[in-house]
Number of protein chains: 2
Amino acid sequence: MATARRERYRKQTREEAKAVALAQLAESGTAGISVNAIAKAMGMTGPALYRYFASRDELLTELITDTYRDLAETLAQAVADAAPADRFRAMARALRDWAKRQPDRYLLIYGTPVPGYHAPPETAEIAAGMMRTIFEACSAVGDSVGDSVGDSVGDADGGADGGGATAHGATASHGPQPLTELEAELARHLEGVDSWVPGEQPGGELKGRALRTWTRLHGVISLDVQGQFAGMGFDPSVLFEAEIDALVRGG
Amino acid sequence: MATARRERYRKQTREEAKAVALAQLAESGTAGISVNAIAKAMGMTGPALYRYFASRDELLTELITDTYRDLAETLAQAVADAAPADRFRAMARALRDWAKRQPDRYLLIYGTPVPGYHAPPETAEIAAGMMRTIFEACSAVGDSVGDSVGDSVGDADGGADGGGATAHGATASHGPQPLTELEAELARHLEGVDSWVPGEQPGGELKGRALRTWTRLHGVISLDVQGQFAGMGFDPSVLFEAEIDALVRGG
DNA sequence: CGCGGTTGTGAGAGCTTCTAACCAAACAAT
DNA sequence: ATTGTTTGGTTAGAAGCTCTCACAACCGCG
């Protein structure tokens, strides 16, 4: 542990740079993040920062993975802290609260993808972890309410082929972008989730419920965060709560 | 009529520039749109284009309003063409088809807002028109199914104050950004919609249904278009249809 | 102490938006 | 037909960006 000082200092300035970048993101959007400006704000010249980040994209990537991790942890924490009966609501509200507290970071991961940027493998892993948390919360709602209606969303239209290499083949056929390694990774993680939920068939009811939960919550959160509700004369949080209720009722 | 040639030519090159910009958008995202590159592709130097567009932002704005108009017309057309009983499904499918056919344009209006960009007044007007179409489709679903359950989403939490200057005051209090004229305009249009639907109270059941329709459809479409479903081993269109069913059933 | 890797600097290439000055062609009017 | 004005295009240049390179300064280790 001799030269640990160097590394500590290095990590420290990296962290500082990311903090400044986050501030720039908050006030000027993704495109407002400038390596030069960050360096200047830190009291050094532009090219110096390239000793710490290979490129602007690498900095953005790190910002994104950090954000993913933060959100995933927040959600998991909310679920862990809540009583089993409240887990679903706790998860949903934690998601919205987090997004409203830092809209730019929400848009950073769920907004328009950065031009040349392609998500690194770590992202898929963390995203899968988040899906796991949502699954957990969804299965918790079953405990408190009972699985009521439940149309299977996964296997209607010649739907989700059984286990095994499911996602691999299926995705390659209809997916807009080619199947990358990270996506295969995510698929593996999701299969793990499928088999992890007791008594849950791949593509079954619970998966559909989790998917709907994800898309519906994202629907109101993303529109809200982007200000699309502005001037419409209603409280987005009321709409959000209504969606939670609908989901709990088993829609 | 005399100098109409000039204007015709002018409009023509503006249109050509926008077409090239759209092509650039499709392959490089929003940030990939470059005035210089467009001009070069049209066979002239960069600054020449500034005779036609005051700034890059103005070009983007025009792209956005065009897109809004296109989508609004597509939706309205789909609703008009369908039998009353099928109007809701037709509207929803038209929305998704349009988005899947040109993902970048969908993200252009519903993705992360462009850094410095602020929507022009026309946008609000067209957006209100789109909401009208959704309303129309939602009221049509009432004809074929009956209004079933229906929790009022607009007026729970001290909810939507009655008519008059509703949206104005309400939005200023909780909206993230300040109330601009265009937002007030949108609010007025929405109030018009409220009173336009026969027997509908402001903030009533139908408004909640339309809002939920919007957010849910956007939820699955936006995640799909951004490739967030990649590698998950299911068909997004099945999920979309399931959401349509849930909405029809009165969720 | 001295040696070596790490960190910072300034210069500069190549890109961007956008302004300024200048020139030519097309239209309008006397 | 010869003016004058408006419009479309050019090159030059400012200010910004990312990113590379060569060089100097420092910090820690032996």
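Please read all numbers here as calculations on a predicted model, not as lab measurements. In what follows, chains are A, B, ... by sequence order, proteins preceding strands, each numbered from 1.
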Could you give the CZ-to-P distance, from A:F53 to C:dT7, as a whole number of Å? 12 Å
Under a 4.0 Å threshold between the charged nitrogen and the carboxylate oxygen, would B:D66 count as salt-bridged to B:R105? no
Side chain to side chain contact (heavy atoms under 4.5 Å, CB included) partners of A:A19, counting only residues at least two apart: none
Okay, side chain of A:R212, backbone of B:L239: is any donor-acceptor separation there less than 3.5 Å? no
Measure from CG on A:N36 to P on D:dT20 and round the result to the nearest Å. 13 Å
Quick one: pull up CD1 in B:I109 and OG1 in B:T65 and give me the separation to the nearest 0.5 Å. 10.5 Å
Within residues 10-26 of chain A, residues whose heavy atoms come under 4.0 Å of DNA chain C: A:R10
Quick one: on DNA chain D, does A:A54 or B:Y9 contact a more 5' nucleotide (nearest heavy atom)? B:Y9
Counting side-chain heavy atoms from C-beta on, which of C:dT9, C:dC27, D:dC19 comes nearest to A:Y50? D:dC19
Side chain of A:R56 (C-beta onward), nearest among D:dC17, D:dC19, C:dT17: D:dC19
Under-4.0 Å side-chain N/O to phosphate OP1/OP2 contact, A:S34 with D:dG16: no
Assess the pair B:W214 and A:F229: is the distance between their ring centroids shorter than 6.0 Å? yes
Side chain of A:T133, backbone of A:L75: donor and acceptor closer than 3.5 Å? no
For the side chain of B:S55, starting at C-beta, report the closest nucleotide among C:dC27, C:dC18, C:dT16. C:dC18
Could you work out which one of C:dT17, C:dG8, C:dT6 sits closest to the side chain of A:Y52? C:dG8
In plain terms, say whether B:R10 and B:E7 are close enough for a salt bridge, that is, a side-chain N and a carboxylate O under 4.0 Å apart. no
Which whole-number value in Å describes the distance from B:R6 CZ to D:dT5 P? 15 Å
Kindly confirm or rule out a cation-pi arrangement of B:R14 over B:Y52, judged by NZ or CZ under 6.0 Å from the six-membered ring centre and within 45° of its axis? no
Output the residues of residues 40-49 of chain A in contact with DNA chain C, where contact means a heavy atom of the residue under 4.0 Å from an atom of the strand; sort by number or write none. A:M44, A:T45, A:P47, A:A48
Consider side chain to side chain contact (heavy atoms under 4.5 Å, CB included). Of B:L95, B:L247, B:I244, which one does B:T213 pass it with? B:L247
